[in-house]
Asks: 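Next up is a structure, given as structure tokens.
Residue numbering restarts at 1 for every chain, and letters A, B, ... go by the order of the sequence lines.
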Amino acid sequence: MSYIAKPKFHHPKLPRNDLGLTRRDYEGSMSTLCAGCGHDSVSAAIVEACFELNLPAHKVAKMSGIGCSSKTPTYFLSKSHGFNSVHGRMPSIATGANVANNELKYIGVSGDGDTASIGFGQFAHAVRRQVDMLYIVENNGTYGLTKGQFSATNDRESVGRKGQENAFECIDLAAMAIQLGASFVGRGFSGDKDQLVPMIKAAISHKGFAFIDVISPCVTFNNHVGSTKSFEFVRDNEHTVTATDYVPTKEEIKIEYETGTTIDVMLHDDSHVRLRKLDADYNPSDAAAAMQHIMRYQEQGEIATGLLYLNVNDTELKEKMNLVDAPLNALPFSQLRPGADALEKINNSLR
Amino acid sequence: MKINDFVIKFANVNGSGSASANSLFAKAVFRMGVPVAPKNIFPSNIQGLPTWFEVRVNGDGFLGRREGIDVMVAMNPQSWADDLASIVTGGYLLYDSTFIREIERDDIKTIGVPLTKLCNERFTVPRERQLFKNVAYVGALTALLDMDFEVVKGMVSEQFKGKEKLIEPNIDALELGRQYSLEHFDCPLDVRVQASDAVGDQILMEGNAAVGLGCVYAGATVAAWYPITPSTSVAEAFDMYCHKLRVDKETGKKKFAVIQAEDELAAIGMVIGANWNGARAFTATSGPGISLMSEFLGLAYFAEVPAVLVNIQRGGPSTGMPTRTQQSDITACAYASHGDTKHVLLFPSNPSEAFNFAMESFDLAERLQTPIILMSDLDLGMNEWTTSPLKIDESKDWDRGKVLDAEELNNVEKFGRYLDVDGDGIPYRTYPGTHPDKGAFFTRGTSHNEYAGYTEDGSVNVRVMERLLKKFNTAKTLVPKPVFGQLSQSSTMGLVYFGTTDIAIPETMNLLNSRGIQLDTMRIRAFPFCEDVVNFINDHEQVFLVEQNRDGQMRSLLISECEIDPAKIVPILNYDGFPITATCIADMVSKLLGKQMSGADAGNFAAE
Ligand SMILES: Cc1ncc(C[n+]2csc(CCOP(=O)(O)OP(=O)(O)O)c2C)c(N)n1
Ligand code: SF4
Ligand SMILES: [Mg+2]
């Protein structure tokens, strides 16, 4: 961890967003993670994305489970409410919170242990319910907080720090999310901020379940030679299939792209996602094809990154449940409690 | 002659469509103004196994379960021998005489009605032939027990309102049984139902329906649950009443969310998430679900998030007896989760109280910022009870507890989520999204200071734990007080009970009084125990504590929480899965007191 506390004063020249806020306003308390931990870069990318999106921080709720990754919500958006729940169970907390009030933006941060093992069930069901949230897995192929056991996202060919072999198949959470019906699925790398920040911005703007699997190396337990989740390995074997540009509502779409290689998708808040296809064959709107593509890369020992799947036509949880427009938590008692007359009718029906 | 004082039992095959005919019978007696206590004794099975429906009819309102069947309607060859054996001497056996059956008892009276034959002659569709046999025996009973036939016919018409085509064949089936009985037997028998006004304004309702409705009236907007017997009908009732009472008329959109979760962990997680966000949310479960919810209950306790959990207790341990009743989750709920964790429990005794307690649970959960566990059981939850009508106080607003809004936050210098500002151990909370700069905090299950910041400073953690204890003490002043009965200056002995045991108590006292035993009574209605509870025990030399579990769980709780001398509390236990009977309690107390007992039951019980 770094011991230098950040001064909280605002430099007059710090750039400000439309709300008059600086990046500092989106930061959290000092990180206590290992120096160089990939997770800190993800926190920084979230700060950057929220700053650029001009999000009022108090309208964001941060959710997490347990693990080094799950600690990070303390390290960004200190003006947001946060909920560091129990191991693997953040999806249910987020689901309940979302149903109670879906006017907030929900950012959930989890780890590969938190999501792919203990919380696999809850993760699957949050996806299939299309809980309107951004769900980030900071994926390091290991249990950081309990000191380096293999996780279920560790690749078959990836060896442990002491040369231990991994006998079991790896769970690809991005492919899993596509299969389970997530409407926005991306994969990033904590070392590639340029790719990550626009993807997070698009994911936050997206309505429905947005999932980003961020390969986020654990420098302490899984950054050695032979690990497929080390900085070096990911840098060398990352294969970006689509590059994401996020175009906010007010900005006109200026740049011209060669047709056929770009896809322009309008999100529910009228902002746009512009996808540049770096792999000409990749089709991010076809779930089955996208999954096949991802698996093919994996077979070759490569990691497909970028916005892997996007579907803006599905409805999210609140619509699926046909809830009233006003958040449930804002309905007054007078609208929720039927009167004594209604109760008397019920009494009569029971006589 | 047994007028308005008998037990009738229907022995059926599960899935044969007997349930609606049986409840038609019970409701008809109720409609005649006579208090009834119907009980479903059902298997954990969908089709084929034996199932029973037992109705105690009692004009004095003694509606606890009673052993000894006065009239047995034996429709199930599988359980024939046992069913016959349970009939009291001089009692009646009503059976389908289409088939020749061996009746090995000569101390009972038999009434054979050829139900199958009658129905096969009258109806053509096989399913109808099967279903109407049930209706036909109800018809027979109307003649045999002297019931008001107009009442029964009226109920059939009500039941099939909108499906008029079904009314006629149902009434035909009733008539089949009725006419046959009138022609062949000396009707009515010496067991009879006589119109009365003993029911008064009471209603007939299941506890689970009452809890579901209570949650609607409490303003709950989110229910997350996972199916499990016997709690399923709580969520279903909530959903049903919400569809009637909480759908926006113009848009057809819902002012409630019922989520069938993937398991109980997720169900309680959703409830905690929703409550954290300021919506009233609850879940309902039973036995195994309680075990699964443990970790989250500890989080809600320590992070101080309100939650309402309805526990419809069933027979344990493990999967146990899922369709039988017990009060055996008391310790598991009081101390659910690891570490020094304690929860507030409420013990309703009847549907009307369950309705009130359901509403109160939400006020308490938000006032105390902690889970409230409503401890019902299968007997209360899944049986219809004769109970006082449901009432609300329309002038009473909901109590949302200590929540700061934006304006109040403006007046706070530095918000501390876990600061004990008022000295009652209850801190102030804020809902997410309230204020741009103030009031945000980090909810965590890790040790934290008064500002919700992570800490590993042991002394800070001690401070927080002490405050939680202070809050628990505050809870003692807020939870429902005990109910006392028969308080006499003379009695040095007391009888303590809780929950559904209550229904057996008036009859128990009657039996005891007739044996010259005077006891003061106290019905515990909540944990933690308030001062009144402790005083009652201290003021008596000895108390009997009635529980429907093996280990005397409430007793342990009293001993450990109130530092009461164990010798003072004598356990009276019954945990065979059937609701406890007055005879059982009275006999155990009598034996323990060395008094004479009712001859018939001598030796028929074991004192624990
Ligand atoms: C019920 C439960 N079991 C075990 C643990 C111990 N535990 C804490 S974090 C963790 C694994 C975290 O791994 P991951 O989610 O990948 O996060 P990372 O630390 O790698 O970011 C485990 C097993 C726990 N907190 N709770
Ligand atoms: S142990 Fe690994 S995951 Fe945890 S903080 Fe250190 S580097 Fe990050
Ligand atoms: Mg990990």
Asks: If I measure from the heavy atoms of chain A, does B:Phe441 come under 4.5 Å with its side chain, its backbone, both, or neither?
Replies: both
Asks: Identify which part of B:Phe256 has an atom lying under 4.5 Å from any heavy atom of chain A, answering side chain, backbone, both or neither.
Replies: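 For B:Phe256, backbone heavy atoms alone lie under 4.5 Å from chain A.
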Asks: As an exercise: rank A:Asn98, A:Leu317, A:Thr95 by heavy-atom pairs under 4.5 Å with chain B and give me the winner.
Replies: A:Thr95
Asks: Output the option from B:Thr430, B:Val247, B:Asp437 having the highest count of non-hydrogen pairs under 4.5 Å with chain A.
Replies: B:Thr430
Asks: How far apart are the closest heavy atoms of B:Leu245 and A:Ala342, and which atoms are they?
Replies: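 Heavy atoms of B:Leu245 and A:Ala342 come nearest at CD2-CB, 4.1 Å.
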Asks: For B:Tyr226, is the OH atom crowded, meaning more than 12 foreign heavy atoms sit under 6.0 Å from it?
Replies: no
Asks: Any side-chain heavy-atom pair from A:Pro338 and B:Val216 closer than 4.5 angstrom?
Replies: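 Of all side-chain heavy-atom pairs linking B:Val216 with A:Pro338, at least one is under 4.5 Å.
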Asks: As an exercise: rank A:Ala61, A:Ser92, A:Gly121, A:Ala330 by heavy-atom pairs under 4.5 Å with chain B and give me the winner.
Replies: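 Of the candidates given, the most pairs with chain B belong to A:Ser92.
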Asks: Would you mind checking which part of B:Glu158 comes under 4.5 Å of any heavy atom in chain A, side chain (CB onward), backbone (N, CA, C, O), both or neither?
Replies: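 Neither the backbone nor the side chain of B:Glu158 comes within 4.5 Å of chain A.
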Asks: Can you tell which of A:Ser334, A:Ala100, A:Ala340 has the highest number of heavy-atom pairs within less than 4.5 Å of chain B?
Replies: A:Ala340
Asks: Give, for atom CG of B:Asn277 and atom OH of A:Tyr106, the distance between the pair rounded to the nearest 0.5 Å.
Replies: 4.0 Å
Asks: Of the backbone (N, CA, C, O) and the side chain (C-beta and beyond), which part of A:Leu328 lies under 4.5 Å from a heavy atom of chain B, both, or neither?
Replies: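 The answer is both parts of A:Leu328.
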Asks: Out of curiosity, B:Lys27 NZ to A:Arg351 CZ, how far, rounded to the nearest 0.5 Å?
Replies: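 Here the rounded value is 10.5 Å.
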Asks: Relative to chain A, which segment of B:Ala266 carries a heavy atom at a distance below 4.5 Å: side chain, backbone, both, or neither?
Replies: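 When you check distances to chain A, atoms from both the backbone and side chain of B:Ala266 fall under 4.5 Å.
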Asks: How long is the gap from OH on B:Tyr454 to OG1 on A:Thr74, to the nearest 0.5 Å?
Replies: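 Nearest 0.5 Å value for the OH-OG1 distance: 10.5 Å.
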Asks: Is chain A contacted by the side chain of B:Asp201, its backbone, both, or neither, given a heavy-atom distance below 4.5 Å?
Replies: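 For B:Asp201, backbone and side chain are both near chain A.
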Asks: Is B:Leu204 close to A:Leu350 at the side-chain level, that is, under 4.5 Å between some pair of heavy atoms?
Replies: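 A side-chain contact under 4.5 Å is absent here.
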Asks: How close do A:Arg129 and B:Met270 get, counting heavy atoms only, and between which atoms?
Replies: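 Scanning both residues, the minimum pair turns out to be NH1-CE, 3.4 Å.
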Asks: In terms of heavy-atom proximity below 4.5 Å to chain A, should B:Ala257 be classed as side chain, backbone, both, or neither?
Replies: both
Asks: Go through B:Val222, B:Asp248, B:Asp263, B:Asp397 and name the one with the most non-hydrogen pairs under 4.5 angstrom from chain A.
Replies: B:Asp397
Asks: Taking side chain as everything from C-beta outward and backbone as N, CA, C, O, which of these in A:Gln335 sits under 4.5 Å from a heavy atom of chain B? Side chain, backbone, both or neither.
Replies: both
Asks: I'd like to know if B:Lys391 pairs up with A:Glu344 as an ion pair, taking the criterion as any Lys NZ or Arg NE/NH1/NH2 lying under 4.0 Å from an Asp or Glu carboxylate oxygen.
Replies: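 Salt bridge flag = no for A:Glu344 with B:Lys391.
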Asks: Is there a side-chain contact between B:Ile272 and A:Ile93 (heavy atoms, below 4.5 Å)?
Replies: yes
Asks: Given a strict heavy-atom distance threshold of 4.5 Å, which part of B:Arg444 is in contact with chain A: side chain, backbone, both, or neither?
Replies: both
Asks: Of the backbone (N, CA, C, O) and the side chain (C-beta and beyond), which part of B:Thr446 lies under 4.5 Å from a heavy atom of chain A, both, or neither?
Replies: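 Just the side chain, heavy atoms under 4.5 Å.
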Asks: Would you mind checking which part of B:Val258 comes under 4.5 Å of any heavy atom in chain A, side chain (CB onward), backbone (N, CA, C, O), both or neither?
Replies: backbone
Asks: Between A:Met321 and B:Ile259, is there a side-chain heavy-atom distance shorter than 4.5 Å?
Replies: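 Sidechains of A:Met321 and B:Ile259: in contact.
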Asks: For B:Ala209, which atoms come within 4.5 Å of any heavy atom of chain A: side chain, backbone, both, or neither?
Replies: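 Contact with chain A is absent: no heavy atom of B:Ala209 under 4.5 Å.
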Asks: Answer whether the closest heavy-atom distance between the side chains of B:Lys396 and A:Phe333 falls below 4.5 Å.
Replies: no
Asks: Only pairs of heavy atoms separated by less than 4.5 Å count here; which of B:Ala303, B:Gly439, B:Ala224 has the most with chain A?
Replies: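 Winner by heavy-atom pair count: B:Gly439.
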Asks: Report the option among B:Ala279, B:Gly252, B:Cys242, B:Ala267 that has the most heavy-atom pairs separated by less than 4.5 Å from atoms of chain A.
Replies: B:Ala279
Asks: Mind checking the NZ-CG spacing from B:Lys253 to A:Asp325? Nearest 0.5 Å is all I need.
Replies: 4.0 Å
Asks: If you measure from CG on A:Asn347 to CG on B:Leu390, what distance do you get to the nearest 0.5 Å?
Replies: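 Those atoms lie 4.5 Å apart.
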Asks: As an exercise: rank B:Glu295, B:Met359, B:Gln202 by heavy-atom pairs under 4.5 Å with chain A and give me the winner.
Replies: B:Glu295
Asks: Heavy-atom pairs under 4.5 Å with chain B are the metric here; pick the option from A:Pro56, A:Gly339, A:Pro332 that has the most.
Replies: A:Gly339
Asks: Is A:Ser85 in contact with chain B via its backbone, its side chain, both, or neither, using a 4.5 Å heavy-atom distance?
Replies: both
Asks: Below 4.5 Å from any heavy atom of chain B, which atoms of A:Met90 appear? Answer side chain, backbone, both or neither.
Replies: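 Neither part.
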Asks: Given side chains that start at C-beta, do those of B:Phe296 and A:Val86 come closer than 4.5 Å, heavy atoms only?
Replies: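 Side-chain contact under 4.5 Å: yes.
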Asks: Pick one of side chain, backbone, both or neither for B:Ile268, based on which atoms fall under 4.5 Å of a heavy atom in chain A.
Replies: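 Answer is neither: B:Ile268 stays 4.5 Å or more from chain A.
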Asks: Sub-3.5 Å donor-acceptor pair from the side chain of A:Arg337 to the main-chain atoms of B:Trp398, do we have one?
Replies: no
Asks: Can you tell me which of A:Lys59, A:Lys62, A:Lys79, A:Gln122 forms the most heavy-atom pairs within a distance under 4.5 Å of chain B?
Replies: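 Heavy-atom pair counts peak at A:Gln122.
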Asks: Decide yes or no for A:Arg89 and B:Leu299: does some side-chain heavy atom of the first lie under 4.5 Å from some side-chain heavy atom of the second?
Replies: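 No, side chains not in contact.
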Asks: Under a 4.5 Å heavy-atom cutoff, which of A:Ala94, A:Pro91, A:Ala126, A:Pro73 has the most pairs with chain B?
Replies: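 Ranked by heavy-atom pairs under 4.5 Å with chain B, first place is A:Pro73.
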Asks: Side chain, backbone, both or neither: which part of B:Phe302 has an atom under 4.5 Å from a heavy atom of chain A?
Replies: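 When you check distances to chain A, no heavy atom of B:Phe302 falls under 4.5 Å.
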Asks: Side chains of B:Thr434 and A:His81: do they bring a donor and an acceptor to under 3.5 Å?
Replies: no
Asks: Do A:Ile346 and B:Tyr241 have side chains that approach each other closer than 4.5 Å (heavy atoms only, starting at C-beta)?
Replies: yes
